[in-house]
Amino acid sequence: MPWYPDNDGTFKLVGPKKIKVGANGPVKRIVVHTVGSTNPESTTQAQNGCYGTWMGEKKDSMVSAHFCVERDGRVYQFADTDDIAFGTGWCTGGSIHIEHAGNHPLPLTADQMYYTTKLMAWLATVHPDIRLEVEGTGEADPGDPTKACITCHRFIQVAAKREIKAGRLSPMDITDKACPGTGIMGQLQEIANNARRWKALMGANAAAGISSGLPMTSSP
Ligand SMILES: [Zn+2]
């Protein structure tokens with residue numbers, strides 16, 4: 001029943017179109033997304049359901065993901081991490097889908113970088129199969145997102161097409177998306193580096209008997 005203890009609020013997803021309850025294990029990867037908002041600096045993208053451009057900006061069509069990190073770093077949770085969210089077609093299960101307020105090709109803000117990597121470190125603690133390493137180097141080389149890793153929506157799409165072409169994956173409809181865009185893709189290594197530093201810090205705090213494991217004042 002992992003709900004992030006440091007979240008700033010929850011907007012719970014309901015219904016089989018948005019969530020598959022209890023089916024996500026074993027969770028081994030983190031998938032990075034951007035909301036794709038036409039108002040990318042809006043401070044209320046999570047409470048508006050992250051309805052980005054790919055959602056048709058419809059208020060009643062909340063995205064299916066586990067989290068959204070606002071531009072100012074506030075973290076909102078939409079689903080238990082043990083539930084499947086339909087953030088991608090292929091590799092949607094076994095994943096934690098994190099939306100980031102903004103729109104491609106904007107990079108993460110410094111606050112988003114700080115709080116999303118802290119969230120990822122906690123995720124790797126409650127789901128120990130998660131590996132805080134980026135799989136792939138870019139759109140031209142998206143790696144193997146079936147592995148335990150940090151990846152992003154676009155990498156999964158490109159890899160799925162490669163696997164379908166090679167006959168290793170059954171054909172499926174893929175609607176091409178830029179998500180999370182070149183700005184955030186260029187930050188993936190920094191994201192993984194910072195998440196690993198947070199995780200080490202949480203481990204050191206736990207060993208020292210600091211119970212929360214969530215340092216509030218130290219930077220990675
Ligand atoms: Zn996405």
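Counting starts at 1 for both ligands and their atoms, following the listed order.
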Checklist entry - With hydrophobic residues grouped by side-chain heavy-atom distances under 4.5 Å, do I98 and W122 end up in a single group? => result yes
Item to check | Validation row: R154, K177 side chains within 4.5 angstrom (heavy atoms) | outcome: no
Checklist entry - Any N/O/S atom of H33 sitting less than 2.8 Å from the Zn ion (ligand 1), backbone or side chain? => result yes
Item to check | the Zn ion (ligand 1) to H153: nearest N/O/S atom name | outcome: ND1
Checklist entry - Do any N/O/S atoms of H97 come under 2.8 Å of the Zn ion (ligand 1)? => result no
Checklist entry - Using the benzene-type ring in the case of Trp, are the ring centres of F11 and Y76 under 6.0 Å apart? => result yes
Checklist entry - Counting N and O atoms only, with roles assigned by atom type, does the side chain of N194 sit under 3.5 Å from a partner on the main chain of I191, one being a donor and the other an acceptor? => result no
